[in-house]
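Just below is one structure, and these are the notes that go with it.
Keep in mind that this is a model prediction, so the values were computed, not measured. Side chains are part of it too, since the values below use all heavy atoms of this structure and drop only hydrogens, waters and symmetry mates. Within every chain, numbering begins at 1; the chains are lettered A, B, ... in the order of the sequence lines, protein sequences first and strands thereafter.
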Amino acid sequence: MMDLERNLLGLMTVFKFEARKLLLHKRWMFVVVLAILVGAVMGYSATRQGADIGTASDMLNLLVLTFLLPVMALIYGASMVRNEMDDRSIIQVVTSPLDRRTSYIAYYLALTVVLVILLIIITLVGGLSFMAFNGASGGPELMLAFMAVLCIGAIAYSSLFLVIGLVMKQPLYLGLFYVFVWEYFIGSVPGAVGELTIRHQLQVIASGLTDKGSFVNISGDPTTSLLAMLVMAVILVVVGAFLFREKEIA
Amino acid sequence: MTVIVEATNVSKWYGKVIGLNNFSLKVEGGITGIVGPNGAGKSTLFKILTGNIKANVGDLTVLGQSPWRNPAQLAQIGFCPDYDFLPGEITGREYLRYVGGLHGMSGDKLKARTEEVLELVAMSKDADRNMGGYSKGMKQRLKIAGAMLHDPQMLLLDEPLTGTDPVVRKEIIDLIKDLHAVHGHDVIVSSHVLHEIERMTHRVALIYKGRAVATGDISEIRQLMSNHPHHILVEGNGLIPLAQRLLTMDFTVSVELRPDRRSMVVMVGRSDPFFDSFPGLVKETGSDIARMESMDDDLESVFKYLVG
């Protein structure tokens, strides 16, 4: 069998197995609770006086884009390869003739796809809840814009947290530092430094897709931000794949 | 016979801990037993053979190639680790399909081969149950099935008998023998119990503290064990004449009679002549023996003897 064919089959096998594992993990209860919370908060905010589609945009930005996206990517991504190395179940993958770089890409794709699915569900629950209690127009367009940004966000955050989980024994600490210290504190610094976060770049991309809510105040070129996110993700996945190939699995 | 593994002066250390120390070994096809106490370096050897870790120094070839960063070679190797890594939430059959996919197998070929190996390890009946509910023996058999699914030339089985009851142990031993005799796989199997390995093969390598201290036919190893000094505890009544008689025998090094005169420790240079002549000496002296045991007839003491 040609190596390419074997690697493609292996990639699909790891992808399906890992995606299923992530989706069926008992963390799904945590995701259900989050979706209900987002739905409840969005529904409540829709009933407030003066609430409009801008309010929905700001709530989705606050709850999903800047909080749930990085937190879920951290929880799912940092533990993905790390847990398998710790419980040694990764042995099946690393003793198969599948190129380890291919396996790493399969892990990454599974993580990204699962995150996108879960975040889309949460966005739908939140958006539909808002629309149920508020007659403002533009809801479906806003949800579509957010879903697109969340896809790009999942691509970026997954690449970051997966590689952190690969190289660090306690990846959660660095991940939490990034999400809550770097993104929140450094991201609040005015000027160029404050723009060096995935969150800011995603908001710039979002501002190119919707002009609702506070996105109207975000400055920057959405195309440049999109390219920056994609280039960052590709670099991190390539680095992760290389490190995985070189890693000793004791 | 073809050499399947050749290690020359291989060393592997983890920080200050040495896993393999100037390890040299040549393994030919067939079944070879790797025997050593816990922590001797058996698992480190398997990790190096499968390319999961890299030797710090030394030369190693597996089936003629270096295993490090050589995933294509793993198509010819099946590995069954000593620990439980099977995902509990899927069935045995689903697990084998997953393993087959990792090895580039699919469709009818994978389906047929899955049924074949399930039959071989006697797991067809339980293959649709979640593995979380499997017994230790069932898990071991399924791990072996996973290792042999892609029909590799060489199987590496790390402590496959650990934690199994005597019935399962016999089944696995028979299976391992068949893997070579019937199916033609070359098998390297490890254990810390020599007599378990002895039931599978006559070719063994003894590993101790990261070194291969003896290799060859098991009868040669047995001879080494027989020739190393033994301490034998004897308990009973009327031991004094027996002790006096034992001191006249050329295999006896010393006899230490304990103060209560109801037990003694006999040190012998060679154990076989002692055990052969002991019943006659007991009868001759009229001693009443209640209990007798070898105090150092275990692998640990053999290894200590072999490495000086």
When heavy-atom pairs shorter than 4.5 Å are enumerated against chain A, which of Gly51(B), Ala72(B), Gly146(B) gives the highest number? Ala72(B)
With a 4.5 Å limit on heavy-atom distance, are the side chains of Phe17(A) and Ile90(B) in contact? yes
Got more than 12 heavy atoms from elsewhere within 6.0 Å of CG, Asp128(B)? yes
Do Lys16(A) and Tyr98(B) have side chains that get closer than 4.5 Å, going by heavy atoms? no
Rounding to 0.5 Å, atoms CG (Leu102(B)) and OG (Ser103(A)) come to a distance of 7.5 Å
For a 4.5 angstrom cut-off between non-hydrogen side-chain atoms, does Glu89(B) reach Arg20(A)? no
Do Arg69(B) and Glu246(A) come close enough that some side-chain heavy atom pair is under 4.5 Å? yes
Taking side chain as everything from C-beta outward and backbone as N, CA, C, O, which of these in Glu84(A) sits under 4.5 Å from a heavy atom of chain B? Side chain, backbone, both or neither. neither
Could you tell me whether Tyr173(A) atom OH has more than 12 heavy atoms of other residues or ligands within 6.0 Å of it? no
Student check: side-chain heavy atoms of Ile91(A) and Phe79(B) closer than 4.5 Å: yes
Using a cut-off of 6.0 Å, state whether more than 12 heavy atoms not belonging to Tyr44(A) lie near its atom OH. no
Do Asn52(B) and Thr95(A) have side-chain heavy atoms sitting under 4.5 Å apart? yes
Side chain, backbone, both or neither of Phe46(B) within contact of chain A (heavy atoms, under 4.5 Å): neither
Report which part of Lys12(B) has an atom under 4.5 Å of a heavy atom belonging to chain A: side chain, backbone, both, or neither. side chain
Does the side chain of Arg88(A) reach to within under 4.5 Å of the side chain of Pro81(B), using non-hydrogen atoms? no
If I compare all heavy atoms of Pro97(A) with all of Ala75(B), which pair ends up nearest, and what's the gap? CB-N, 3.8 Å
OG/Ser106(B) to CE/Met12(A) distance, rounded to the nearest 0.5 angstrom? 12.0 Å
Between Leu74(B) and Ser96(A), is there a side-chain heavy-atom distance shorter than 4.5 Å? no
In short, Pro71(B) meets Leu98(A) closest at the heavy-atom pair CB-O, 3.8 Å
Got a sec: does the CD of Glu119(B) have more than 12 other heavy atoms crowding it under 6.0 Å? no
CZ (Phe67(A)) with more than 12 external heavy atoms under 6.0 Å: no
Taking every non-hydrogen pair under 4.5 Å, which of Val93(A), Thr13(A), Asp99(A) racks up the most with chain B? Thr13(A)
Can you name the closest pair of heavy atoms from Lys247(A) and Trp68(B) and give their distance? O-CH2, 4.0 Å
Taking Glu248(A) first and then Lys47(B), would you say they form a salt bridge - that is, a charged N and a carboxylate O separated by under 4.0 Å? no
